[in-house]
Chemist: 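Pasting in a structure now, in structure tokens, and then I'll have a few things to ask.
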2 protein chains.
Amino acid sequence: VVRVAVDAMGGDHAPDEIVAGAVRASRDLGIHVLLVGRSDEVHRALQTAGAQPGAGLEVIDAPSVIAMDERDPARAVRSNPDSSVAVAARLVRDGLAEAMVSAGATGAAMAAGVLGMGRVRGVPRPAITVVLPFGDSPTVLVDAGANVDVRPEHLASFGVLGSVFAQVTLGIEDPRVGLLSVGEEDDKGSELSKAAFPLLGATGVRFVGNVEGRDIASDRVDVVVTDGFTGNVVLKLLEGFAKFLMVELLKIFDATDETRKAGEVVLPGLLDLRARLSPETYGGAHLLGVRGVCIICHGSSDAQATCAAIEIAARTVSAGLVTRVAERLGGRARDGGSAGPSGENTADTAEGMA
Amino acid sequence: VVRVAVDAMGGDHAPDEIVAGAVRASRDLGIHVLLVGRSDEVHRALQTAGAQPGAGLEVIDAPSVIAMDERDPARAVRSNPDSSVAVAARLVRDGLAEAMVSAGATGAAMAAGVLGMGRVRGVPRPAITVVLPFGDSPTVLVDAGANVDVRPEHLASFGVLGSVFAQVTLGIEDPRVGLLSVGEEDDKGSELSKAAFPLLGATGVRFVGNVEGRDIASDRVDVVVTDGFTGNVVLKLLEGFAKFLMVELLKIFDATDETRKAGEVVLPGLLDLRARLSPETYGGAHLLGVRGVCIICHGSSDAQATCAAIEIAARTVSAGLVTRVAERLGGRARDGGSAGPSGENTADTAEGMA
């Protein structure tokens with residue numbers, strides 16, 4: 001049985017919705033869930049959800065909470081080792097869980113993951129991966145926001161992380177990896193992307209060269225590699241543009257009685273499309289390169305989204321993501337040791353987080 | 001009467017569609033058009049369009065053409081001063097036209113604009129501006145691809161260029177200028193964006209701070225400032241995502257007889273939305289910071305798009321864009337002199353082009 005540590009206090013609807021989702025995952029999916037948070041609040045939420053702690057559902061006390069609007073979440077995590085998100089990460093480090101899930105502030109969850117679990121050997125910078133459900137096959141975007149300033153070798157390692165991730169979680173045998181740039185030709189790009197190009201080619205992944213912004217929403221590649229600044233802009237632009245388009249569609253349908261009737265007919269299909277494209281669906285991001293499965297959910301996650309994230313976490317553990325990353329990058333997945341081989345570098349990574 | 005030099009040979013449908021569009025602009029809008037290209041081909045296209053050269057429609061011979069798929073368009077322009085796009089730019093430099101329009105390779109048009117017209121004094125790097133028609137008021141994106149590697153002070157000057165552009169072409173009195181970043185807080189961002197933040201604040205534009213990807217499709221700001229790498233990714237992502245969504249919508253409508261009927265009812269509205277969001281509409285980009293109006297159209301431009309671009313060029317000239325840019329940046333719009341105060345820097349700019 002996979003054990004998942006859930007940050008019960010993180011998210012706009014914490015703890016009630018988070019706990020309700022955890023109860024569902026434990027009861028319906030047989031996943032062992034460790035609910036981490038302020039004991040009294042978690043127990044109250046459990047009562048509301050009509051559940052109580054038991055064999056597959058433990059409560060782990062963590063007295064402090066990192067606020068959703070914390071200005072410097074990485075520092076907040078460092079100075080609050082007893083916060084729910086930090087405790088959840090340490091449960092994984094200490095071998096009491098294989099995965100953590102948090103819907104709290106992204107920066108806090110990243111910092112907790114990196115500082116608490118430590119990096120896999122050979123991973124210079126853990127990165128955030130998001131699966132974008134576009135086209136006939138989904139596209140993996142990496143880095144979606146963890147490292148806003150990177151060096152060429154970091155981009156190369158993101159390519160390896162993304163490739164392993166696509167293999168393990170999407171079942172793509174030899175994923176096509178593209179480098180996000182401003183033109184398809186090999187020599188197009190920024191100084192950064194041009195320097196990363198040959199390094200990516202030397203990683204051993206199936207590097208297909210430069211791809212452009214439009215390829216993110218196509219089936220041309222399975223993995224799109226970019227820095228966390230561009231990746232974050234891409235992700236938020238998609239979110240904002242999808243929202244804008246839905247408003248425009250509603251305007252079209254709301255024009256006349258006739259179009260309103262037509263709208264009713266296609267409404268189920270539209271709602272389904274909206275659900276597929278909503279950040280609550282693809283917003284379940286993986287922090288790759290840390291010694292454990294670490295899933296960061298959208299802050300707006302409800303019970304259903306939380307349950308889905310816990311399920312994905314368990315599946316990712318079973319698929320052996322962390323071991324596969326460690327094998328590909330030449331290190332070991334877990335060595336029972338401290339957070340990372342180099343405290344300084346680990347701290348750097350947390351600093352670089354958005 | 002405004003005189004617009006049109007690169008008759010640039011674009012996927014050149015010269016026929018370009019010439020047809022120019023004929024329309026000259027005949028219907030009273031704009032003086034100088035058609036620049038291979039004489040024989042332009043004359044043949046004029047015949048096809050049922051027109052002939054006259055008072056408002058001149059043919060200027062330019063024996064060579066920069067190919068659409070030219071690998072290094074900036075160099076090609078430098079080594080082909082008699083190419084249609086280079087000659088069009090020189091007509092503006094020499095005071096024989098106030099604007100140029102090209103649907104040729106973007107890099108070629110940029111290089112021709114910068115090398116041929118020269119930079120306005122005080123503009124370190126000309127930038128590409130695109131008007132994105134999202135929300136209730138459009139959003140100006142700058143730089144949309146001219147400079148893939150920039151320094152903080154370049155971003156600050158893009159803010160001024162974008163602000164002046166929004167004032168002059170969109171009639172926004174005091175445009176809200178935002179810096180594209182990974183979070184709204186002042187201290188969020190990459191090293192580049194964080195360094196640009198105080199510089200933008202000191203430009204005198206109405207700087208509203210950091211904005212995120214989602215704000216590009218909202219009404220939060222009038223001008224979004226970013227580097228040409230990110231801007232290019234944004235533009236192409238929007239293009240690809242809009243295309244993807246249209247395919248998904250068609251699938252929804254094509255599901256059953258009932259949804260197909262519903263689709264017919266809302267089809268006009270959908271086609272209208274698609275037209276508003278198509279790159280042919282908002283793809284008419286302005287190269288800002290050069291000594292003349294320079295409009296770069298989408299390569300797929302047809303007669304209608306060409307005519308629209310010529311009209312926009314004429315309107316932008318009448319609105320005094322170049323003078324206003326020169327006033328704001330402390331230089332002069334035109335001094336009848338050579339291409340630029342510093343040949344070296346001008347060449348740098350062309351080098352930096354994607």
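A note on names: the letters A, B, ... follow the listed sequences, proteins ahead of strands, and every chain is numbered from 1. What you see is a predicted model, and the numbers here were worked out from it, not measured in a lab.
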Chemist: Which bit of B/S218 comes within less than 4.5 Å of chain A, counting heavy atoms only: side chain, backbone, both or neither?
Modeler: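 Neither part; nothing is under 4.5 Å.
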Chemist: Flag yes if more than 12 heavy atoms outside B/E184 fall under 6.0 Å of its CD atom; otherwise flag no.
Modeler: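 Count over threshold, so yes.
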Chemist: Shortest non-hydrogen contact from B/I66 to B/A108?
Modeler: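 Closest approach of B/I66 to B/A108, heavy atoms only: CG2-CB, 3.9 Å.
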Chemist: With a 4.5 Å cut-off on heavy-atom pairs, point out which of B/L249, B/L270, B/I252 contacts chain A the most.
Modeler: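 Top option by heavy-atom pairs under 4.5 Å: B/I252.
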Chemist: Among B/A217, B/G231, B/A255, which residue forms the greatest number of heavy-atom pairs with chain A at distances under 4.5 Å?
Modeler: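 When all of B/A217, B/G231, B/A255 are compared, B/A217 has the most.
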Chemist: Who passes salt bridge (charged side-chain N to carboxylate O under 4.0 Å, His left out) against B/E248, sequence neighbours left out?
Modeler: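 If we apply the salt bridge (charged side-chain N to carboxylate O under 4.0 Å, His left out) test to B/E248, skipping adjacent residues, the hits are A/R276, B/K251.
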Chemist: Under 3.5 Å, is there a donor-acceptor pair between the side chain of B/R260 and the main chain of B/D254?
Modeler: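 Indeed, once roles are kept as given, a pair shorter than 3.5 Å links the two residues.
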Chemist: When you measure from the side chain of B/D186 to the backbone N and O of B/N210, does any donor-acceptor pair fall under 3.5 Å?
Modeler: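 Flag not set: sc B/D186 to bb B/N210 has no pair under 3.5 Å.
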Chemist: How would you list, in number order, the residues of residues 193-201 of chain A that have a heavy atom less than 4.5 Å from chain B?
Modeler: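 Those residues of residues 193-201 of chain A which have a heavy atom under 4.5 Å from chain B are A/S193.
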Chemist: Please check if the number of heavy atoms outside B/E191 that lie under 6.0 Å from its CD is greater than 12.
Modeler: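 It does not: B/E191 CD has 12 such atoms or fewer within range.
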Chemist: Testing the basics here: between B/G228 and A/V182, what is the closest heavy-atom pair and its distance to 0.1 Å?
Modeler: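 Nearest pair, atom of B/G228 first, then A/V182: O-CG1, 4.4 Å.
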Chemist: Against chain B, work out which of A/V233, A/D227, A/T230 has the most heavy-atom pairs shorter than 4.5 Å and name it.
Modeler: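 If we count pairs closer than 4.5 Å to chain B, A/V233 comes out on top.
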Chemist: Taking every non-hydrogen pair under 4.5 Å, which of A/L192, A/I216, A/L180 racks up the most with chain B?
Modeler: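 The candidate making the most pairs under 4.5 Å is A/L180.
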Chemist: Between B/D215 and B/R220, is there a donor-acceptor pair closer than 3.5 Å when you use the side chain of the first and the backbone of the second?
Modeler: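 Flag not set: sc B/D215 to bb B/R220 has no pair under 3.5 Å.
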Chemist: Name the option with the most non-hydrogen atom pairs under 4.5 Å to chain B; the candidates are A/G213, A/G240, A/P268.
Modeler: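 The answer is A/G213.
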Chemist: Return yes if some donor-acceptor pair links the side-chain N/O of A/S181 with the main-chain N/O of A/K188 below 3.5 Å, else return no.
Modeler: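 Pair found, side chain donor or acceptor close to backbone of A/K188.
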